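All of these numbers come straight from a predicted model, not from anything done at the bench. Every chain is numbered from 1 and lettered A, B, ... according to where its sequence line falls, protein lines coming before strand lines. Below, all heavy atoms of this structure are taken into account, side chains as well, without hydrogens, waters or symmetry copies.
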Protein chains: 2
Amino acid sequence: MDAALGLVGGGENFSSISLREVAKNAGVVPTSFYRHFTDMEELGLNVVDDLGLLLRKLMRNSRQSGAYAEALNRSSIEVYTDFVSEHKNYFYFMCQCRTGGTLALRSAIRNEFKYFASELATDIRALPLLNQVNSLDLDMMAQLMVETVFESTIDFLDQADTSPNFRQEFINLMVKKLRLIWLGAGEWRS
Amino acid sequence: MDAALGLVGGGENFSSISLREVAKNAGVVPTSFYRHFTDMEELGLNVVDDLGLLLRKLMRNSRQSGAYAEALNRSSIEVYTDFVSEHKNYFYFMCQCRTGGTLALRSAIRNEFKYFASELATDIRALPLLNQVNSLDLDMMAQLMVETVFESTIDFLDQADTSPNFRQEFINLMVKKLRLIWLGAGEWRS
DNA sequence: TCTTTGAGTCAACACTTGTACACTAATATG
DNA sequence: CATATTAGTGTACAAGTGTTGACTCAAAGA
């Protein structure tokens with residue numbers, strides 16, 4: 001799995017990586033691949049699971065630090081961008097497969113997002129700002145926030161190394177977008 | 001190009017489609033491919049150009065019908081979803097390549113988005129609702145709206161055929177998200 | 001201690017892939 | 001009419017692909 005992620009991080013597309021490449025990158029003979037996975041797709045699904053664990057860990061940490069309570073303010077965006085930088089390969093993989101993977105892979109990732117969004121929804125449910133919002137609309141809002149962040153991740157990955165202050169610009173833009181959504185949420189009447 | 005798009009629409013990932021497959025699907029011998037493109041990437045870039053033309057056409061139509069003036073209300077979302085349904089292959093391609101293409105392909109698509117968003121920005125600039133918003137923030141808002149719509153396109157493509165009322169549910173959700181953003185925009189003070 | 005099992009090796013297969021070269025036929029252009 | 005150009009054809013090759021089957025060997029469990 002690390003070998004596959006390495007290739008993805010190196011610029012290859014997961015869907016066009018061959019079993020043999022993975023094996024070679026893992027320092028192992030091609031036939032050994034079958035000892036671990038039947039398929040490249042199965043390998044991909046396992047990576048999605050790992051990614052899910054990673055994201056849950058991130059979420060736990062954010063909750064502890066209290067940043068999460070205000071759900072996606074500046075500091076939580078900073079945490080996120082750092083996290084992405086530390087796990088570039090995983091996020092390249094995720095960005096690629098969310099739209100370009102097998103149908104099974106796509107829906108596996110979709111599910112991770114749903115989980116993430118629903119966790120966010122329960123966390124912000126209690127906020128007094130949102131007491132005019134019903135449960136369905138709350139889900140919609142959480143979904144929009146999560147999507148907004150994830151959607152921009154590929155841009156961050158692509159450009160993070162281009163200029164030293166891109167990270168700050170990116171964070172500023174992200175914060176604005178989320179503030180805009182929060183502003184709308186405050187006015188929302190279900 | 002149609003042959004390539006056909007393969008994409010059939011579930012294959014553009015980045016793993018071979019030159020030979022395209023040739024076969026076009027009813028032509030592999031070596032003939034080189035008469036038109038040097039590369040699969042070059043073919044891809046040409047498809048992006050075509051897609052750009054398509055999107056501009058869509059935008060023109062929406063403007064004429066007046067729906068666009070209110071920028072992404074229900075009827076313009078309906079127009080968009082119909083448009084996507086009519087050009088599924090193009091949109092599968094776009095969704096795939098925005099995150100999974102070559103770097104050149106990715107940034108070509110990014111540019112189309114930028115163009116689209118900036119057009120939207122100039123269209124909504126005059127709205128009295130937004131007279132407290134400066135130019136930079138307006139761009140950010142237009143960008144968020146465009147992203148929000150495009151980001152969900154893959155979900156629409158994947159699930160449009162699953163249930164007969166998915167289209168309506170999708171439109172409802174989309175309208176809500178955009179309404180949320182508009183609500184925020186109305187409160188925004190740059 | 002014997003035996004099962006997990007993870008690796010090697011050789012081989014039929015097939016696909018990108019690309020090169022030499023050739024043909026229709027269609028524009030001078 | 002002659003000539004260039006454009007889009008197609010067939011053959012060929014070296015490299016890469018997924019998958020098979022039979023083998024080794026260290027570690028874990030009985």
So which nucleotide from C:dA7, D:dA7, D:dG10 ends up closest to the side chain of A:H36? C:dA7
Mind listing the N/O atom pairs, protein and nucleotides 16-20 of chain D, below 3.5 Å?
| unit_1 | atom_1 | unit_2 | atom_2 | d |
| --- | --- | --- | --- | --- |
| D:dT17 | OP1 | A:S18 | OG | 2.8 |
| D:dG18 | OP1 | A:L19 | N | 3.1 |
| D:dG18 | OP2 | A:L19 | N | 3.3 |
| D:dG18 | OP2 | A:R20 | N | 3.2 |
| D:dG18 | N7 | A:R20 | NH1 | 2.3 |
| D:dG18 | O6 | A:R20 | NH1 | 2.9 |
| D:dT19 | OP2 | A:Y34 | OH | 3.0 |
| D:dT19 | O5' | A:Y34 | OH | 3.4 |

Distance in angstrom units between A:F37 CZ and C:dG8 P, rounded: 11 Å
Taking side chain to side chain contact (heavy atoms under 4.5 Å, CB included) as the definition, give me every residue that meets it alongside B:S18, ordered by chain and number, with sequence neighbours left out. B:R20, B:E21
Show me the donor-acceptor pairs, under 3.5 Å and distance only, between side chains in residues 28-51 of chain B and residues at least two apart or in other chains.
| unit_1 | atom_1 | unit_2 | atom_2 | d |
| --- | --- | --- | --- | --- |
| B:T38 | OG1 | B:E42 | OE1 | 3.2 |
| B:E41 | OE2 | B:T102 | OG1 | 2.9 |

Whether A:F83 and A:F91 hold their rings parallel, tilted or perpendicular, with breakpoints at 30° and 60°: perpendicular
For B:N73 and B:R179, which I'm curious about, is there any donor-acceptor pair between the side chains at under 3.5 Å? no
Does any donor atom in the side chain of B:T153 or B:Y80 lie under 3.5 Å from an acceptor atom in the other side chain? yes
Distance in angstrom units between B:R35 CZ and C:dT24 P, rounded: 14 Å
